[in-house]
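Below: the structure, in structure tokens.
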2 protein chains.
Amino acid sequence: MDDQAIPLDAETKAVEMPEDHREELRLWLRLLTCTTLIEGDVRRRLRERFDVTLPRFDLMAQLDKVPDGMTLSDLSKRMMVSNGNLTGLVDRLVASGHVVRTVSPTDRRATVISLTDSGRAEFRTMAAEHEFWIADLFGDLTARDRGDLMRLLGKTKLSARRAIKGEAQ
Amino acid sequence: MDDQAIPLDAETKAVEMPEDHREELRLWLRLLTCTTLIEGDVRRRLRERFDVTLPRFDLMAQLDKVPDGMTLSDLSKRMMVSNGNLTGLVDRLVASGHVVRTVSPTDRRATVISLTDSGRAEFRTMAAEHEFWIADLFGDLTARDRGDLMRLLGKTKLSARRAIKGEAQ
DNA sequence: GGTAATTGTTTTAAGCTTAAAATAAATTCG
DNA sequence: CGAATTTATTTTAAGCTTAAAACAATTACC
């Protein structure tokens, strides 16, 4: 009778203390706070210093990685934003002379977006300064902190991707 | 002559390898990726499951923490968004019956925003499920990972705040 | 070769977001 | 007390963002 106390307790615990996930919630909120803080600062500096928005900077950053542009769909995947969103963003960057649209020679549906020479030059000027802002924002972390954080965020990224894929409805 | 090799090398290194901050940049991009992934998933689930947007959920989350509502300015500070943004957000939540506006009894400029009873009940239903989504998204991290990440993000938050304050123009 | 399904992009409608200007009430301080 | 400043909110104009629908070109495959 009483020797069943242990398994019963374990059972009771499982029922009365179904795991609570407040810790994960706090972790998520802190992650979001860090991103919001840094992003807000970068956004403000880009505007004040170069009169450019963060989405435009991000788009140019993707294009600067490749020599000859990429399609809207590629941009969309890499930037993790919708296609429709990019249409307008590219419109504005074409209007300001930073990028150009070219019909893909191999697929007449597809548009290749590329930086103009001046667009690339302007981006690189901004990017060089941007790098210092980021270095300053993370400036109080040691090299070890940065390594650890990088690794843990890598693990978080994989975990999130796994969870998202798993939802297949 | 040759015994000056060491200081000269150190000097040379400092000149030819002015610190590059690509590591911090990668760290920032990874942080942003994690946030974007998780936020996108939460946004989609809130819409599909409860037909609510993330900003509305966030606003209600702030209000649920207090018994009697808070002013628009308080909400603005806590949510790290502009006042003007909240005006419209509150308008829509008033229209849907989730919150109410009351003129502050002590300051006729200020509006106190509070959850209605049904708004609070509805929020708590959503929040309970939301907690599981977050737990799942972070599910592959060990308790130790979560603790480490929490600490490192805490340090990051302080570092960013220090950098932002320091910019006082 | 011709329909069907897929892929690439744009459009649409709605909502979110910001900075800056405007409005209005409270506070400061001469 | 009363003008000047500060604080709380709203309005405005512009841009960002998404999901869903529409459109157009390509690919699959019978």
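Every chain is numbered from 1 and lettered A, B, ... according to where its sequence line falls, protein lines coming before strand lines.
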What closest approach, in Å, do B:S114 and B:T102 show between heavy atoms, and which atom pair accounts for it? OG-OG1, 4.3 Å

With 3.5 Å as the limit, what N/O pairs link the protein to nucleotides 23-25 of chain D?
unit_1: D:dA25; atom_1: N3; unit_2: A:R109; atom_2: NH1; d: 3.4

Review item, side-chain donor-acceptor pairs of residues 77-86 of chain A, under 3.5 Å, at least two apart:
unit_1: A:S82; atom_1: OG; unit_2: A:N85; atom_2: N; d: 3.2
unit_1: A:N83; atom_1: OD1; unit_2: A:S76; atom_2: OG; d: 3.2

For A:T53, answer base if it contacts any base atom (sugar-phosphate contacts may also be present), sugar-phosphate if it contacts only those atoms, and nothing otherwise; contact means non-hydrogen atoms under 4.0 Å. sugar-phosphate

Between C:dG8 (P) and A:I113 (CD1): distance, integer Å: 14 Å

Could you state the CZ-P distance from A:R56 to D:dT17, rounded to the nearest angstrom? 11 Å

Indicate the atoms forming the closest heavy-atom contact of B:E131 with A:R22, along with that distance. OE2-N, 3.7 Å

Could you check how far CG of B:L89 sits from P of C:dC16, rounded to whole Å? 6 Å

Compare side-chain N and O positions of A:S73 against OP1 and OP2 of C:dT9 and report whether any pair is under 4.0 Å apart. yes

Between D:dT10 (C1') and B:L75 (CG): distance, integer Å: 15 Å

Which residues pass the side chain to side chain contact (heavy atoms under 4.5 Å, CB included) test with B:E122, sequence neighbours left out? B:H98

Using the test salt bridge (Lys or Arg N to Asp or Glu O under 4.0 Å), find all partners of A:R45 that sit at least two apart in sequence or belong to another chain. A:D41, B:E167

Aromatic plane relationship, B:F57 with B:F123 - under 30° parallel, 30 to 60° tilted, over 60° perpendicular: tilted

Can you list everything that forms a side-chain hydrogen bond (donor to acceptor under 3.5 Å, both in side chains) with A:R43? Sequence neighbours excluded, please. A:E39

Would you be so kind as to tabulate the donor-acceptor pairs closer than 3.5 Å made by side chains of residues 152-160 of chain A, with sequence neighbours excluded?
unit_1: A:K155; atom_1: NZ; unit_2: B:D145; atom_2: OD2; d: 2.6
unit_1: A:T156; atom_1: OG1; unit_2: A:L152; atom_2: O; d: 2.8
unit_1: A:S159; atom_1: OG; unit_2: A:R162; atom_2: NH2; d: 3.4
unit_1: A:S159; atom_1: OG; unit_2: B:L137; atom_2: O; d: 2.7
unit_1: A:S159; atom_1: OG; unit_2: B:G139; atom_2: N; d: 3.3
unit_1: A:S159; atom_1: OG; unit_2: B:D140; atom_2: N; d: 3.0

Identify which nucleotide among D:dT9, C:dT10, C:dC16 has an atom closest to any side-chain atom of B:T111, counting heavy atoms from C-beta outward. D:dT9

Have a look at B:L54 and say if it touches a base, only the backbone sugar-phosphate, or nothing, with a 4.0 Å heavy-atom cut-off. nothing

Scan residues 58-70 of chain B against DNA chain C and write down, sorted by residue number, each residue with any heavy atom closer than 4.0 Å; if none is found, say none. none

Scan A:S76 against the nucleic acid and name what it touches under 4.0 Å (heavy atoms): base, sugar-phosphate only, or nothing. nothing

Partners passing side chain to side chain contact (heavy atoms under 4.5 Å, CB included) against B:E129 (at least two apart in sequence or in another chain): B:R49, B:F50, B:W133

Indicate the atoms forming the closest heavy-atom contact of B:W28 with A:T35, along with that distance. CH2-O, 3.9 Å

What parts of residues 90-106 of chain A reach DNA chain C, counting only heavy atoms under 4.0 Å away? A:R101

Are any protein N/O atoms closer than 3.5 Å to N/O atoms in nucleotides 18-20 of chain D? If there are, list each pair with its distance.
unit_1: D:dT18; atom_1: OP2; unit_2: A:S82; atom_2: N; d: 3.0
unit_1: D:dT18; atom_1: OP2; unit_2: A:S82; atom_2: OG; d: 3.3
unit_1: D:dT18; atom_1: OP2; unit_2: A:N85; atom_2: ND2; d: 3.2
unit_1: D:dA19; atom_1: OP1; unit_2: B:R47; atom_2: NH2; d: 3.4

Mind checking what makes side-chain hydrogen bond (donor to acceptor under 3.5 Å, both in side chains) contact with B:D91, not counting sequence neighbours? B:R101

What closest approach, in Å, do B:L63 and B:V99 show between heavy atoms, and which atom pair accounts for it? CD1-CG1, 3.8 Å

Please report the closest heavy-atom contact between B:D74 and B:M70, naming both atoms and the distance. CB-SD, 3.9 Å

Can you list every pair that meets salt bridge (Lys or Arg N to Asp or Glu O under 4.0 Å) and has a residue in residues 104-118 of chain A, with sequence neighbours left out? A:D107-A:R109

